[in-house]
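Note that the coordinates shown come from a computational prediction; the quantities given were computed from them, not determined experimentally. Chain letters run A, B, ... following the sequence lines, proteins first, then strands; residues in each count from 1.
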Protein chains: 2
Amino acid sequence: MRDNIPENAAVRLSLYLRHLRKMKKDKVISSEELAEFIRTSGARVRKDLSFFGQFGTTGKGYVVGELEDTISKILGLDQVWTVALVGAGKLGMALLEYSGFKESGFHIRIAFDVDQSKIGEKLVGVPVYHPYQMPKEIRQQEINMGLIAVPAEAAQESADLLIISGIRAILNFASATLIVPSYVKLMQVDLTSQLEIMAYFLSHTREEKILTKRPKWR
Amino acid sequence: MRDNIPENAAVRLSLYLRHLRKMKKDKVISSEELAEFIRTSGARVRKDLSFFGQFGTTGKGYVVGELEDTISKILGLDQVWTVALVGAGKLGMALLEYSGFKESGFHIRIAFDVDQSKIGEKLVGVPVYHPYQMPKEIRQQEINMGLIAVPAEAAQESADLLIISGIRAILNFASATLIVPSYVKLMQVDLTSQLEIMAYFLSHTREEKILTKRPKWR
DNA sequence: GAGTGTGAATGTATTCACAGCA
DNA sequence: TGCTGTGAATACATTCACACTC
């Protein structure tokens, strides 16, 4: 247990969890079954879990409810995480209105924007401040994470402010490559980049590949 | 050149491109400089490019404008890509309104929704159809890619319809693990999952790590 | 001299395969 | 018998290091 955990074990754990949540809590599931859903191997599932302990019953599998709790704890989801939104434009508003966050224990508590007409108001129940108030407000309200939804030009500045304010995890929606210290976890959601990758795939996939590699599908 | 291309070379190429676009076209840049921006090594940049040919000048580096064109071609961005949106709710609308797509050569040409009040209308200039018209319309209008922005329960169904309609690249925003044939490129944008990964990071990063691994920062 | 292009060396992730247990 | 947990084997990705060119 726990020699060295693969970089993206957390990614997979999150996916396992998503699947487990949809299942009956008292069902028993094998690593192979769970793996199939996430498009990986049973061995990978077992190894991912083995880094953190032994949760299965030999010869049986894993009890769904137990495993769900275990993974939740591993991911740190046994607490509420507080989130700050930087940028309350169209995208920012969509994020504020997205209910999925709260359901999963992520609460957007505060927003920042330079638009004077928004400052002092509440948007979807969330108070809006000017960015210069970030260090003070984020510390006071003990915010854990930041979402950046500003234009690309302002993204680095926003990140710098968040980091100065003590934030150690940032989800960036701006189409900009941010530079952050390595003790900050930066994740990127860049739609244009994703489409470009799909374009690459479409451009480079030849018919032969499609025909020869056709797999079992559902 | 071109023995076997790493899975995520396309991801990095897209990032290189983003940086090059911001630079003077006649500047010459070394692999090391380009790498620094993207947080990788010069060797990795050179290797990524070497899969596709030789584009640099020994002893000098790469001409920004030329490299930009080259990478654009590699990614298949020398054409317009047509996109279908499935689900015209809040998120769908935000996607329709997002101007970044068109700037990069991705045009949302058609949308699908089950909401009768939207069908037959145009949203942000894009006509809305009922999903049952997908196979016909997508073929007729020669759409290349699909965006799924429906509730999780309807996501698999939407994917199936897109695939039946001939779509080979799907960007899924629903919080659902979709099953698609391997000849379809599926990319996932799952905000909840991203936040969970950040929670994991925050839960498992100990102070010692922060202190010992402190790096150069800007 | 400076920096590309690339085989060889290293490091990391995934898969294999099986001992051991319910 | 069926499936976990895990070392060993394999595959894959990254980095190193240097011959070669402008």
Exercise. Only one of B:Leu162, B:Ile108, B:Val86 passes side-chain contact (heavy atoms from CB on, under 4.5 Å) with B:Leu147; say which it is.
Key: B:Ile108
Quiz item: Over how many whole Å does the gap from A:Arg39 atom CZ to C:dT15 atom C1' extend?
Solution: 17 Å
Exercise. Begin from the C-alpha positions of B:Ile5 and A:Tyr200 and carry the test side-chain contact (heavy atoms from CB on, under 4.5 Å) through to its verdict.
Key: CA-CA 12 Å; B:Ile5 303 168; A:Tyr200 170 82; 3.8 Å; yes
Practice problem: Nearest whole angstrom, please: distance from the C1' of D:dT4 to the CZ of A:Phe52. | Solution: 17 Å
Self-check item: Candidates B:Leu77, B:Thr82, B:Val80 - the one meeting side-chain contact (heavy atoms from CB on, under 4.5 Å) with B:Phe106
Solution: B:Leu77
Self-check item: Any A:Gln54 side-chain nitrogen or oxygen under 4.0 Å from OP1 or OP2 of C:dC21
Solution: no
Self-check item: Min side-chain heavy-atom separation B:Phe37-B:Lys22 under 4.5 Å
Solution: yes
Quiz prompt | Pairwise 5' ranking along DNA chain C for B:Thr58 and A:Arg46, keeping only the more 5' one | solution = B:Thr58
Quiz item: Between C:dT4 and B:Ser31, is there an OP1 or OP2 to side-chain N/O distance shorter than 4.0 Å?
Solution: yes
Self-check item: Salt-bridge criterion met for A:Lys73 and A:Asp78 (N-O under 4.0 Å)
Solution: no
Quiz prompt | Ring geometry between B:Phe52 and A:His204 (parallel below 30°, tilted from 30 to 60°, perpendicular above 60°) | solution = perpendicular
Self-check item: Distance, rounded to the nearest Å, where B:Leu49 contributes CG and C:dT4 contributes C1'
Solution: 10 Å
Exercise. Measure from CD1 on B:Ile29 to C1' on C:dT4 and round the result to the nearest Å.
Key: 14 Å
Quiz item: Do the side-chain N or O atoms of B:Tyr62 get closer than 4.0 angstrom to the phosphate oxygens (OP1, OP2) of C:dG5?
Solution: yes
Kindly give the atom pairs (protein nitrogen or oxygen, nucleotide nitrogen or oxygen) under 3.5 Å for nucleotides 11-14 of chain C.
| unit_1 | atom_1 | unit_2 | atom_2 | d |
| --- | --- | --- | --- | --- |
| C:dA13 | OP1 | A:Glu7 | N | 3.2 |
| C:dT14 | OP1 | A:Arg12 | NH1 | 3.3 |
| C:dT14 | OP2 | A:Arg12 | NH1 | 3.2 |
| C:dT14 | OP2 | A:Arg12 | NH2 | 3.3 |
| C:dT14 | OP2 | A:Arg44 | NE | 3.2 |

